[in-house]
Amino acid sequence: MLEQSEYLTPKQIVAELDKYIIGQHEAKRNVAIALRNRWRRMNAPTDMKREILPNNILMIGATGVGKTEIARRLAKLADAPFVKVEASKFTEVGYVGRDVESMVRDLVEQAVNMVKMQKREEVKHRAAEAVEEIILDALIPPIRSKRNATESAMGFQLSDSDIELNERTRERFREKLRNGELEDRKIEIEIENTVGNMSIIGGAIDEVSMMNLQEVISNMMPKKTRKRKVAISEARRILMEEEAAKLIDMDEVKQIALQKAENLGIIFIDEIDKIASSHKSGSGPDVSREGVQRDLLPIVEGSAVNTKYGVVNTDHILFIAAGAFHFSKPSDLIPELQGRFPIRVELQSLTKEDFYQILKAPKNALTKQYQCLLAAEGVELTFTDEALEAIAEVAFTINAEIENIGARRLHTVMSHLLNEFMFEVPDTIPPNSKLVVNRDMVHQRLSSLVKNRDLSHYIL
């Protein structure tokens, strides 16, 4: 059972999403309910847990209005494995290309990496202690543990004072190591020889069997080591990876990862409109698109998928699909697939005010990103409110007159506005300078792009 405190309430989820995404309240409310339902299902009676299925969501809206960002931020809030795939990249079974089951395998891979990172944090202190001993042994080899061999090699018997001196020296060097005084000193360490993936040539074989076969052959090969001379700082990084890997129980990692993927996984299927048949011709590309939909159906409905880590049941994975649907409509999807996305949300096109808020409010606003970039050079960058309004107006106008690519338009507009500064710092504009972007500067640098539509179309 999960404690309620471990899961955010729907209102708290929306509040967190508001920090990064402007507007789109209906979409935020629906994904917040879907996420909270995860906790509700896990706390339901055991006999009902398997029966409660997630309400998959279909987001409809133009590019750049926040569809992908909502799904990605949702996964971060839930600490859930998340995979984004483009439906247009898949091909019908029997054709060359990625099969739809690969999205589930990618999700499990993501879950395994997440669990490994968590386990690595848990064993970090034990691994650090082991690494410290290995580095210390390379600097001042211990003689107590190898007393007989050392005495034979040296041709005389070691006294207790020799051993005591060795231990005192080791302790002094241990203190220097912990104080970071020896980071640049070079030592010789023994590391595992990494061998690249083996290519297996033969008849037709599915992806999972191929991966399993490669893993079996890799495990059968003897582990080779090689000596390498590196600085202690680099040795610590290399050895930490190896020692942490030894302490992690991979069987436990796989088991937890499979459960995490099954119960918390989120798969975001973008460009689903690209596999919708705009007319029922029964031939040509429409047949292939419908074939991909039919391959996708059992995954979304709930089926068992083989992965290199084990079998994954997709019944409780949350699927969020998205598409612009400019040249097709949701009803062009096959009825069975439509039925698997019961929650439909239409995202609104961005207004001038939305652009202004996107530049000002989010934690990761573009303005704040540029301020951080120039702050690294010791230059302070500020924007007046009038400048932000002018930038928002330019982005909105270009979207309206040329092509609506949503908030992505701000990246190109900001780049044209600030590229001169980015180039001049720090040569012409020295550290400790203060740069202020005002309305006049925005109009001066961007007005030509708005006036000359052909040029804007070509550049932006």
Side-chain angles (χ1 to χ4, degrees), residues 1-10 12-13 29-59 71 74-85 87 99-115 118 208 249-269 272 293-321 333-345:
M1 282 273 201
L2 286 172
E3 293 297 324
Q4 184 160 355
S5 59
E6 291 182 34
Y7 259 53
L8 299 172
T9 67
Q12 289 171 332
I13 294 165
R29 282 170 63 94
N30 278 287
V31 295
I33 293 167
L35 187 57
R36 181 65 182 184
N37 280 347
R38 293 283 177 88
W39 174 83
R40 290 166 177 156
R41 186 183 77 83
M42 288 176 188
N43 286 272
T46 307
D47 59 332
M48 285 299 292
K49 275 185 188 178
R50 301 299 304 173
E51 304 299 325
I52 301 171
L53 300 176
N55 282 334
N56 298 320
I57 300 165
L58 177 62
M59 293 186 187
L74 187 75
K76 283 188 180 177
L77 284 177
D79 189 29
F82 172 79
V83 165
K84 179 195 172 190
V85 296
D99 66 283
V100 292
E101 287 188 353
S102 63
M103 68 173 77
V104 181
R105 290 194 282 271
D106 291 345
L107 185 76
V108 175
E109 197 70 51
Q110 182 71 18
V112 168
N113 289 336
M114 286 178 70
V115 178
Q118 290 164 1
V208 180
D249 181 353
M250 276 308 294
D251 288 332
E252 186 190 5
V253 167
K254 289 175 188 177
Q255 187 182 351
I256 295 170
L258 288 173
Q259 290 175 355
K260 206 175 180 77
E262 284 186 342
N263 296 300
L264 298 176
I266 298 173
I267 295 180
F268 181 75
I269 307 170
I272 198 165
Q293 291 182 58
R294 294 207 176 277
D295 288 346
L296 194 58
L297 185 61
I299 306 292
V300 180
E301 278 184 331
S303 60
V305 176
N306 282 318
T307 75
K308 63 188 275 190
Y309 301 105
V311 177
V312 174
N313 195 296
T314 65
D315 287 72
H316 297 100
I317 292 173
L318 176 65
F319 290 89
I320 302 175
L333 295 167
I334 59 173
E336 300 94 327
L337 193 58
Q338 287 180 52
R340 289 298 163 180
F341 290 91
I343 309 297
R344 293 189 186 178
V345 183

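For this chain, numbers begin at 1 and follow the sequence in order.
Residues that satisfy the side-chain hydrogen bond (donor to acceptor under 3.5 Å, both in side chains) test with Q255, not counting sequence neighbours, are absent from this structure. For N30, there are no side-chain hydrogen bond (donor to acceptor under 3.5 Å, both in side chains) partners, not counting sequence neighbours. For R40, the salt bridge (charged side-chain N to carboxylate O under 4.0 Å, His left out) criterion is met by no residue, not counting sequence neighbours. Residues satisfying the side-chain hydrogen bond (donor to acceptor under 3.5 Å, both in side chains) test with Q259, not counting sequence neighbours, are none. By the side-chain hydrogen bond (donor to acceptor under 3.5 Å, both in side chains) test, R344 pairs with Q338, sequence neighbours left out. With sequence neighbours left out, the side-chain contact (heavy atoms from CB on, under 4.5 Å) criterion links R29 to no other residue. Among residues two or more places apart in sequence or in another chain, the salt bridge (charged side-chain N to carboxylate O under 4.0 Å, His left out) test is passed with R340 by E301. I256 is linked by a side-chain contact (heavy atoms from CB on, under 4.5 Å) to V115, K119, E252, counting only residues two or more places apart in sequence or in another chain.
At distances below 3.5 Å, at least one donor-acceptor pair connects side-chain atoms of T9 with backbone N or O atoms of Q12. Without hydrogens or angle criteria, N55 side chain to I343 main chain gives no donor-acceptor distance under 3.5 Å. A donor-acceptor pair is defined here as one N or O able to donate and one able to accept, closer than 3.5 Å; no such pair exists between the side chain of K260 and the backbone of A80.
Rounding to the nearest 0.5 Å gives a distance of 11.5 Å between CD1 of I266 and CD of Q110.
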